[in-house]
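Worksheet for the structure shown next.
For clarity, every value in this text was computed on a predicted model and none was experimentally measured. Naming convention: chains lettered A, B, ... in sequence-line order (proteins, then strands); numbering from 1 in each chain.
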Amino acid sequence: MQSLNLSEQEIIRRDALSELVKLGIDPYPAGEFPVNCSTAEILEKFRDDAPDWHVSLAGRIMSRRIMGNASFIELQDEKGRIQVYVKRDNLCPEEDKTLYNTVFKHLLDNGDIIGVTGHIFRTQMGEISVKAMELKVLCKSLRPLPIVKEKDGVVYDAFTDPDQRYRQRYLDLVVNPKIKETFIQRTQLINSFRDFLNSKQYIEVETPVLQPVYGGAAARPFKTYHNTLDQTLYLRIANELYLKRLIVGGFNGVYEFARDFRNEGMDRFHNPEFTQLELYVAYKDYNWMMNLVEEMVEKAVISLHGSTEISVGEMNISFRRPWKRFTMYEAIMESTGIDISGLDENQLFETCRQLDVPVDNTMGKGRLIDQIFGVKCESLLIQPTFITDYPIEMSPLAKKHRSITGLVERFEMICCGKELCNAYSELNDPVDQRERFEEQLILGKRGDEEAMILDEDFLRALEFGMPPTSGLGIGIDRLAMILTNSPSIQDVLFFPQMRPEKKMVRDDDEAFAKMGIPTEWITLIQKLGYLLTDELRKVNPNRLHQELCGMNKKHKLGLVNPSQDEVRKWLA
RNA sequence: GAUUUGCUAGCUCAGUAGGUAGAGCACAUCCCUUUUAAGGAUGGGGUCCUGGGUUCGAAUCCCAGGCAGAUCACCA
């Protein structure tokens, strides 16, 4: 019944599964299989002159070379692959050769998970291998794996379709083992940051993901609803305002690896959910924070790569301290030759036009400057570079610059043409903060969908007093992209957001039976693509009759064809 | 959202100025056996993304849609 929907190879595997059961072999055993080493450990530690080394290991069969009574398989575990030599008389020393002849040769496939015990030796071809003395089925795989082969560093038939790789990451990880490296490095990066911050006695905290008022960044949120409270809640776009509340509460340093959610476009630099490290430290300013970022990132790069120099695509990036520092005005001066520091809004508008920088009428002074920077400077900054001192209009949470009016004490770190982090001397003047929020409200009314919302509770906290504080946000995904040389954010997220897979809507067999269609024809009708009875009724009966008879003939099903009249009655 | 490329067997891909759908790997049966992207023989396997249109005839040409990639715009 189901078999028409399965591929030939899937049917063969299901048949093998029931054969195993018939032989009294549980294809999904419950018990522990004791493993005492990994493939990598064997390859690393084996010595030809060492005494017999008995191993017990488990993994997935990735290839099989079967030759009569001796065979070779490649077994893959978490750490890599090793060849296993399977000889009939080793596996079956007694009369009964079923385990080798039937189970191993016919009922096991690529992709099955087995446990093997035996000892290590080197073959005539010089390959370190496991001589299997026992073999146990641990899991029968019902779908064929894409087979990726490799010789001399050349990969054949690589599994590359990005759609399948991202949707079925499990499969990607099985057949493209290098993918695993990327994710391990991502975790190493996070661990390195965490170790660094813990060593400074900062406290890792958790703050709400569901927030009644979203804030801390300029972005559109995801909206949800809490039944019991009868209240709209938002998935956080940032956790900044909560971490600052904790500084108010008396913590000197708090940080969180925060999953944030922004309801905006998706491309190779943006996923709707992404991870930021946010850090707030009391009694510090943004200059201090720049030094911390340099040190922390440099350290992480060294811990991943053993060096401060790495290659990203065609580029060579050096994270060696100190990094270049420019004010935003200097950066614009450098790339365009124009000093914008004294210009008013109209003059900036005119400058944008001269520079071919796209603008629109809603843009205020700050947006115009930011736009010039974004178009003319950002993409040119390849080596890690700090850009400091941003226009106040763009930075409602940052403290006013200590000496230059119209600017705030803010920096971003740009690398490979992309912003990697954002930090301020945090605004702790509650009166100023309220005014800034109110300016944002006006922008919001002008149509800026990303304008910030006024958070009364946050202002109340500030009114109790927050010490001077420096705060930082680092995009973990983007940094991971650079450190793992990944061209897309999807490559550093296990399960990137994808459009839903097309789902077939279908009626069950009973619905077809109700039309008076005999069981044996129902599967055929479904196989022909008629999955809904309503659709089926619209079909020309003569056409359906022809298709069914054709199918019967083609697949040599040996069914007695229905008459045209009978088919017409089904559809009536 | 715009532009563009792609979608054919489990995987990687060919394909014909429109005429019954191909290869390699994988799979099945068999041969050989310390082999290694094993080799040899034979065989099975397809809604050529979906739906319309043009046509005697469409995987191929046209239109619409789906999904994915790339580039651009907004954003981290």
*Between C11(B), C67(B), C13(B), spot the one nearest the side chain of Asp163(A), thanks.*
C67(B)
_Suppose you measure atom C1' in G53(B) against the same atom in C13(B); what distance do you get, rounded to whole Å?_
30 Å
_Check: Asp455(A)/Tyr214(A) side-chain N/O donor and acceptor closer than 3.5 Å_ = no
*asked:* Less than 4.0 angstrom between a side-chain N/O of Asn69(A) and OP1 or OP2 of C32(B), yes or no?
replied: no
*Pairwise C1' distance, G15(B) and A2(B) [rounded to whole Å]*: 33 Å
*C1' gap between G22(B) and A14(B), integer Å*: 7 Å
_Taking the minimum atom-to-atom distance to the side chain of Gln164(A), which one of C74(B), A28(B), U12(B) wins?_
U12(B)
_If I take atom CZ in residue Arg165(A) and atom C1' in nucleotide G6(B), what distance separates them, rounded to the nearest angstrom?_
17 Å
*Who is the Watson-Crick or G-U wobble partner of U42(B), with both distances under 3.5 Å?*
A28(B)
*pi-stack flag for Phe274(A) and A76(B), centroid dist under 5.5 Å, interplanar under 30°*: yes
*asked:* Taking only the P atom of each, what is the distance from U29(B) to U34(B) in whole angstrom?
replied: 22 Å
*Side-chain donor/acceptor of Asn90(A) to backbone N/O of Met133(A), under 3.5 Å*: no
_Between U5(B) and A9(B) - P atom distance, rounded Å_ = 22 Å
_Whole-Å P distance, A23(B) and G40(B)_ = 15 Å
*asked:* Looking at Asp109(A) and Lys140(A), is there a salt bridge between them, counting it only when a charged N and a carboxylate O are closer than 4.0 Å?
replied: yes
*On the 0 to 90° scale, with breaks at 30° and 60°, tag the Trp323(A)-Phe319(A) ring pair as parallel, tilted or perpendicular.*
perpendicular
*Could you give me the CA-CA distance, side-chain angles and deciding distance for Phe193(A) and Tyr255(A), then say whether ring-ring contact (aromatic ring centres under 6.0 Å, His included) is met?*
CA-CA 10 Å; Phe193(A) 280 180; Tyr255(A) 71 93; 9.8 Å; no
*Expressed as a whole number of Å, how far does the P atom of C49(B) sit from that of G43(B)?*
28 Å
*asked:* Which nucleotide wins on minimum distance to the side chain of Arg65(A), given the candidates U36(B), G44(B), U12(B)?
replied: U36(B)
